[in-house]
Every structure is written in C-alpha cells, then in structure tokens.
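Counting convention: from 1, in listed order, for ligands and their atoms alike. FYI, side chains are in, hydrogens and waters are out, and symmetry mates aren't considered; it's all heavy atoms of this structure.
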Amino acid sequence: MTDRKTELAANLAKVEERITAACAAAGREREEVTLIVVTKTYPASDVRILSELGVRHVAENRDQDAAPKAAACADLPLKWHFVGQLQTNKVRSVVGYADVVQSVDRSRLVAALSKEAVRAGREVGCLIQVALDAGESERESGGARSSSEGRWRETGGRGGVAPAGIEELADLVADAPGLRLDGLMTVAPLTGEYAGREQAAFERLMDLSTDLRRSHPAATMVSAGMSADLEQAVAAGATHVRVGTAVLGVRPRLG
Ligand SMILES: *Cc1c(COP(=O)(O)O)cnc(C)c1O
C-alpha cells in the first residue's frame with residue numbers, strides 16, 4: 001500500500017471502531033449507521049483510495065471542487081452527497097453527479113433542483129437541512145435574506161430552515177418531479193440554546209424526524225454528526241454520520 005492508503009486505512013479503522021462502539025453503547029446495530037466520508041478539499045486520488053478501502057458514500061460542499069472530482073471518479077461505485085449551501089445557479093451542475101442533496105433549505109432551491117433533475121432524467125434524494133440555532137418559533141433572525149424565501153435564514157454560513165419550516169418544505173419536495181424526500185440533516189449549532197449541547201441538538205432532530213415520518217414515512221434518513229460529535233449523533237439515533245477530518249486529516253483551508 002502507498003503511504004496515503006495506509007494512513008487512510010488506519011484512520012478509517014479508527015472511525016469504524018468509534019461508530020461500532022457508539023452503536024454498542026446505544027444498543028443499535030452497526031448496520032443502522034452509514035458512514036459518509038466528507039472529501040472536501042482533498043483530491044480525487046484520495047476518493048479513489050477510499051473507494052478501494054470500501055467507502056461507498058462521499059460528500060462535498062462546493063460544486064467548483066466537487067464537479068471535477070466526481071467526473072474523475074465516475075467509474076467508482078460511489079454515492080455522492082452534496083452538503084454545502086447551494087446557490088441555484090450551481091444546481092444544474094450538482095444534479096449531474098449528486099445522488100443526494102443534504103442541504104435543501106428553501107423553496108426556490110426545491111424548484112431549481114426539480115427542474116434540473118427532470119431535465120437530466122435523474123432522481124435526486126433530498127434532505128431538509130434544519131437550523132437548530134434559532135428559537136423554535138423564530139422564523140427569521142438577524143441575517144434573514146429574503147422574505148419571499150420565508151423561513152430560510154443565514155446561519156453563520158451553515159444554512160438550514162427553522163423547525164417550523166420543515167413541513168412546508170418537505171411537502172414541496174415530496175410533490176416535486178425528479179426529487180425524492182429522504183429525510184433531515186443538521187449541523188450542531190454554534191449558537192443558541194443547543195450551543196455546546198450536541199446530543200440534545202441531535203435528539204431534537206430525531207424528534208423532528210419522527211414528526212416528519214408521520215406524513216412522509218419513507219423519509220427515514222437522519223444525517224447528523226461529524227468528526228467531533230459522531231458518538232452523540234449515533235446515541236441520538238442518526239442513520240448517517242458525515243466524517244471528514246477524522247478520516248482524511250485536518251483540512252489545509254476552511255472548507
Ligand atoms: C465539513 C463538513 C463535515 C465534516 O466535518 P469534519 O469535522 O471534518 O468531520 C460534515 N458536514 C458538513 C455539512 C460539512 O461541511
């Protein structure tokens with residue numbers, strides 16, 4: 001093995017151990033949790049190595065980086081997740097390679113994704129990204145960008161819709177041609193009542209998922225947890241964890 005492959009194999013083994021231990025502690029089966037490796041800022045050669053090591057799900061957050069990487073890895077049996085804030089002018093490109101868009105947070109994005117998915121003859125899975133850093137009833141807070149986009153708010157660059165906006169957006173996705181409503185996603189908030197309380201935040205996401213599944217029973221994905229807090233996410237019931245640095249190393253720049 002190359003040095004890089006040895007390094008990634010060792011990191012993957014450690015992450016695998018952490019997920020297995022977290023599942024055991026929570027009384028869950030290991031198969032209930034899917035590892036998504038976040039490959040942002042790392043080259044296509046790393047994605048190829050990860051695929052050789054058995055990784056099947058990768059995630060990216062910037063279309064400029066992701067599009068060429070996905071093209072270079074088109075021969076690999078990978079599912080690509082898009083996890084970044086998505087501008088509507090990038091949607092056509094993203095729909096070209098993404099199997100799942102985890103960052104759906106406003107109606108205009110749903111419309112654009114649907115239009116491009118139909119055009120490409122693809123079905124795109126969608127997760128509603130939930131922002132847990134605002135009060136429950138607070139629909140817009142500082143940084144709100146547009147009233148026509150309803151409850152969508154800037155959340156320190158993290159995006160997401162407030163809990164009160166999930167249902168409306170979920171119904172839109174479910175009714176949109178070319179789109180499939182897969183579930184919910186969140187990033188542990190840095191501010192607000194859940195700051196520093198990752199597990200409570202992820203448990204809140206699980207409750208919101210339970211509510212959502214009453215009207216959309218197939219929307220079973222719950223994407224939560226990163227390198228620093230995957231144990232809390234597994235304990236709360238997450239079905240997917242998104243792990244970057246613990247597998248690939250500390251990123252050279254913010255991404
Ligand atoms: C970068 C990123 C991750 C992975 O974060 P790490 O701390 O590197 O594990 C997960 N989710 C999203 C949305 C990200 O942007």
Side-chain angles (χ1 to χ4, degrees), residues 7-8 10-19 21-22 33-43 46-47 49-50 53 55-67 69-70 78-87 90 94 97-106 109 125-133 152-161 182-191 194-196 198-199 201-202 205 209 221-236 238-255:
E7 182 186 1
L8 292 183
N11 290 347
L12 265 180
K14 274 183 227 146
V15 167
E16 183 55 41
E17 243 171 65
R18 286 176 61 191
I19 297 173
V33 180
T34 300
L35 170 64
I36 302 171
V37 178
V38 183
T39 49
K40 63 189 182 193
T41 77
Y42 285 96
D46 280 352
V47 178
I49 292 171
L50 290 168
L53 293 170
V55 169
R56 289 296 168 260
H57 295 262
V58 295
E60 290 282 331
N61 75 334
R62 284 164 51 96
D63 177 60
Q64 303 92 299
D65 301 334
K69 225 183 279 186
L78 293 171
K79 288 230 181 291
W80 291 78
H81 297 252
F82 192 87
V83 299
Q85 285 212 310
L86 181 49
Q87 303 303 317
K90 302 283 196 238
V94 168
Y97 56 86
D99 298 285
V100 180
V101 173
Q102 298 204 359
S103 45
V104 174
D105 62 359
R106 60 203 195 278
L109 182 55
C126 292
L127 302 188
I128 308 296
Q129 182 176 349
V130 182
L132 292 172
D133 53 358
W152 185 80
R153 295 168 305 103
E154 293 270 7
T155 53
R158 295 184 159 208
V161 67
D182 281 345
L184 301 180
M185 178 271 234
T186 203
V187 176
L190 297 173
T191 60
Y194 291 111
E198 290 82 7
Q199 188 157 336
F202 298 148
L205 187 71
S209 168
M221 272 179 76
V222 180
S223 173
M226 320 201 301
S227 293
D229 52 22
L230 72 86
E231 282 84 2
Q232 287 88 340
V234 171
T239 62
H240 291 70
V241 292
R242 311 177 306 268
V243 179
T245 49
V247 172
L248 288 145
V250 176
R251 285 179 289 278
R253 59 183 163 85
L254 272 186

Query - Closest heavy-atom pair and its distance - Val130, Thr186 - result: O-OG1, 2.6 Å

Requested in this report: Any chance you could lay out the side-chain contact (heavy atoms from CB on, under 4.5 Å) test for Val47 and Trp80, step after step, and finish with the verdict?
Outcome: CA-CA 11 Å; Val47 178; Trp80 291 78; 4.1 Å; yes

Query raised in the report: Do any nitrogen or oxygen atoms of Met226 lie less than 3.5 angstrom from nitrogen or oxygen atoms of ligand 1?
Result: no

Query raised in the report: So, do Leu248 and Leu50 sit near enough that their side-chain heavy atoms are less than 4.5 Å apart?
Result: yes

Query raised in the report: With atoms numbered from 1 as shown, which atoms in ligand 1 lie under 4.0 angstrom from a non-hydrogen atom of Thr245?
Result: 6 (P), 7 (O), 8 (O), 9 (O)

Query raised in the report: Which atoms of ligand 1 have any heavy atom of Val243 under 4.0 Å away?
Result: 9 (O)

Query raised in the report: Is it the side chain, the backbone, both or neither of Gln102 that has a heavy atom closer than 4.0 Å to ligand 1?
Result: neither

Report summary line: With heavy atoms and a 4.0 Å threshold, my read on which part of Val38 contacts ligand 1 is side chain

Report summary line: Residues at least two apart in sequence or cross-chain that pass ring-ring contact (aromatic ring centres under 6.0 Å, His included) with His240, listed by chain then number, are none

Report summary line: Sequence neighbours excluded, the answer for salt bridge (charged side-chain N to carboxylate O under 4.0 Å, His left out) partners of Lys69 is Glu60

